[in-house]
Amino acid sequence: MENGSLWMELFRLMVRVRHFEQTAFELYTAGKLPGFLHLSIGQEATSVGACAALRPDDYMASTHRGHGDTIAKGVSVQAAMTELFGGASGACHAKGGSMHIADFSRGILGANGIIAAGVPITVGAALSIKQRRTDQVALCFFGDGATGCGPLHEGMNMAMLWKLPMIFVRQNNHYAESTPRHEYQGIPDVVRWAEGYGMPAVKVDGNDVLAVYEAVSRAAVRARRGEGPSFIDSETYRWYGHNIGDPGTWRPKEEVETWKARDPIARFRRVIIEHNVAAGADLDAVDAEEAQRMKQAAVQAENEPKPPVAAALEDLYSDPVLGAQAIQGVRC
Ligand SMILES: Cc1ncc(C[n+]2csc(CCOP(=O)(O)OP(=O)(O)O)c2C)c(N)n1
Ligand SMILES: [Mg+2]
């Protein structure tokens with residue numbers, strides 16, 4: 001048997017992400033959820049394969065489409081769901097919402113509504129790793145649309161210059177909002193850009209959870225050895241439109257159907273069964289458990305109290321910055 005427990009964990013996490021997103025979609029369309037959603041259905045293998053290759057104390061930053069990444073890195077489903085509802089016990093005490101879920105206790109430095117903004121945050125975290133001389137790594141997810149943004153290029157340069165333990169993971173779902181790659185990127189193959197900065201760069205099938213896991217594992221080993229950053233271009237697809245208000249009907253129907261046939265969960269299910277890691281009934285049981293988990297999380301999240309208005313000014317700055325001691329000796 002292959003590494004059965006790892007495979008089952010990867011499967012469970014992908015199913016968990018899928019149920020979270022489907023539940024959020026249903027709650028939103030039923031008028032129960034405030035705010036906005038960018039669903040990552042279809043991209044589960046990239047989120048889960050990458051995060052499973054990290055340790056709990058490694059750092060990760062994500063994007064506006066970050067539910068899957070943050071769940072894969074270990075945020076509690078309940079805390080994430082409550083955050084969507086604006087509940088006081090949400091992951092960010094209702095100050096983050098869908099696009100800014102964070103959990104520092106699990107190395108999740110935040111999803112981020114600003115394109116490419118996770119890059120300088122993770123490069124900074126990677127610099128702190130180097131200065132503290134630990135063997136952690138920092139991984140940044142960003143979309144294909146972030147590839148032309150300045151912070152990514154500055155980040156790749158700094159990470160290479162200082163040989164930081166960074167892993168750049170591009171979630172290439174082929175569109176930036178509704179703009180296809182050839183309308184926003186000068187060269188077809190972005191791997192060549194990353195190589196231009198001097199780091200190893202590979203393309204992976206981002207709908208193959210094992211391929212992503214292996215690529216990120218290799219990058220993590222390299223980073224932990226002090227050999228510097230790596231770049232992974234993970235090709236995948238989002239089934240839904242850009243956001244909850246976009247039906248995505250502007251894409252060719254056949255294209256959507258082709259990618260749905262490459263469903264990363266159905267595909268991994270077949271692999272698990274073919275390799276006798278588990279039977280279909282076992283996988284159905286995992287699916288039912290995760291569906292139930294999401295139902296319960298939604299009920300509880302809906303009933304969680306909202307924070308008082310006075311709490312609006314809490315959690316905005318870290319206390320040491322406000323403390324007199326922290327600014328002693330600082331020159332401007
Ligand atoms: C700096 C910045 N510019 C523009 C936007 C508006 N915006 C939100 S999502 C998006 C497209 C992002 O595309 P991509 O990086 O491919 O991520 P995807 O939505 O496909 O996951 C844009 C341009 C933004 N949030 N931040
Ligand atoms: Mg995209």
Side-chain angles (χ1 to χ4, degrees), residues 17-18 20-21 24-25 28 35-51 60-73 96-102 109-123 139-156 167-191 193-194 203-207 212 231-252 255-256 258-260 262 264:
V17 170
R18 175 77 52 100
F20 185 93
E21 296 292 57
F25 175 79
Y28 189 91
F36 226 49
L37 295 175
H38 300 78
L39 299 174
S40 63
I41 290 180
Q43 302 188 181
E44 295 89 349
T46 296
S47 301
V48 169
C51 289
M60 184 279 285
S62 177
T63 71
H64 55 290
R65 200 176 302 287
H67 303 165
D69 301 339
T70 49
I71 290 170
K73 185 67 171 74
S98 164
M99 278 194 277
H100 296 92
I101 293 174
L109 304 180
N112 206 310
I114 306 299
I115 305 307
V119 174
I121 292 170
T122 31
V123 170
L139 180 148
C140 189
F141 288 113
F142 50 94
D144 50 292
T147 321
C149 291
L152 176 64
H153 290 268
E154 293 169 28
M156 286 198 283
I167 306 174
F168 296 90
V169 179
R170 180 179 189 241
Q171 294 170 316
N172 177 10
N173 60 17
H174 302 271
Y175 293 98
E177 296 200 352
S178 56
T179 310
R181 195 270 310 151
H182 64 269
E183 287 184 27
Y184 66 76
Q185 189 178 300
I187 60 169
D189 191 357
V190 78
V191 158
W193 266 347
K203 263 184 193 307
V204 289
D205 177 345
N207 277 16
V212 178
F231 185 101
I232 295 163
D233 185 16
S234 190
E235 190 183 15
T236 182
Y237 199 78
R238 54 171 152 78
W239 291 9
Y240 283 67
H242 171 65
N243 60 30
I244 195 87
D246 168 17
T249 42
W250 42 268
R251 299 178 299 190
E255 178 184 289
V256 180
T258 303
W259 279 97
K260 281 189 172 173
R262 295 179 194 155

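The figures that follow rest on heavy atoms only: side chains count, while hydrogens, waters and symmetry mates do not. Indexing begins at 1, ligand by ligand and atom by atom, following the structure's order.
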Side chain, backbone, both or neither: which part of Y175 comes within less than 4.0 Å of ligand 1 when only heavy atoms are counted? backbone

For a distance under 2.8 Å, tell me if [X] has an N/O/S atom near the Mg ion (ligand 2).
X: E177; value: no
X: Q171; value: no
X: Y175; value: yes

Angle class for the [X]/[Y] ring planes (parallel below 30°, perpendicular above 60°, tilted otherwise)?
X: F142; Y: F168; answer: perpendicular
X: H64; Y: H242; answer: tilted
X: F20; Y: H67; answer: perpendicular

Just to confirm my output: which protein heavy-atom neighbour is closest to [atom], and how far is it?
atom: atom 22 (C) of ligand 1; answer: E177 OE2, 3.3 Å
atom: atom 16 (O) of ligand 1; answer: G145 N, 2.7 Å
atom: atom 9 (S) of ligand 1; answer: H242 CE1, 3.3 Å
atom: atom 12 (C) of ligand 1; answer: I115 CD1, 3.7 Å
atom: atom 13 (O) of ligand 1; answer: A176 CA, 3.3 Å
atom: atom 25 (N) of ligand 1; answer: G113 O, 2.8 Å

State whether a side-chain donor-acceptor pair under 3.5 Å links [X] with [Y].
X: T236; Y: N173; value: no
X: S98; Y: H38; value: no
X: D144; Y: Q171; value: no

Quick check on contacts: which atoms of ligand 1 are under 4.0 angstrom from a heavy atom of [X]?
X: A146; result: 15 (O)
X: G143; result: 14 (P), 15 (O), 16 (O), 17 (O)
X: N173; result: 18 (P), 20 (O), 21 (O)

The Mg ion (ligand 2) is nearest to which N, O or S atom of D144?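 It is OD1 of D144.
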
V190 and R170: CA distance, side-chain angles, deciding distance, side chain to side chain contact (heavy atoms under 4.5 Å, CB included) verdict: CA-CA 10 Å; V190 78; R170 180 179 189 241; 3.3 Å; yes

Is there a side-chain contact between V204 and D233 in this structure, where contact means two heavy atoms from C-beta onward sitting under 4.5 Å apart?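 They are not in contact (no side-chain heavy atoms under 4.5 Å apart), so the answer is no.
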
Test the R18-W239 pair against the cation-pi criterion, namely NZ or CZ under 6.0 angstrom from the six-membered ring centroid and within 45° of the ring axis.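 Output yes; distance and angle both within limits.
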
Options R65, H174, Q171, H64, ranked by nearest heavy atom to atom 17 (O) of ligand 1, top entry: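 Nearest option to atom 17 (O) of ligand 1, by heavy atoms: H64.
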
Examine ligand 1 and decide if any of its atoms is less than 4.0 Å from a heavy atom belonging to T63. no

With a 4.0 Å cut-off on heavy atoms, does R238 reach ligand 1? yes

Test: D189 and K203 ion pair at under 4.0 Å: yes

Can you check whether S40's main-chain N or O pairs, donor with acceptor, with E21's side chain at less than 3.5 Å? yes

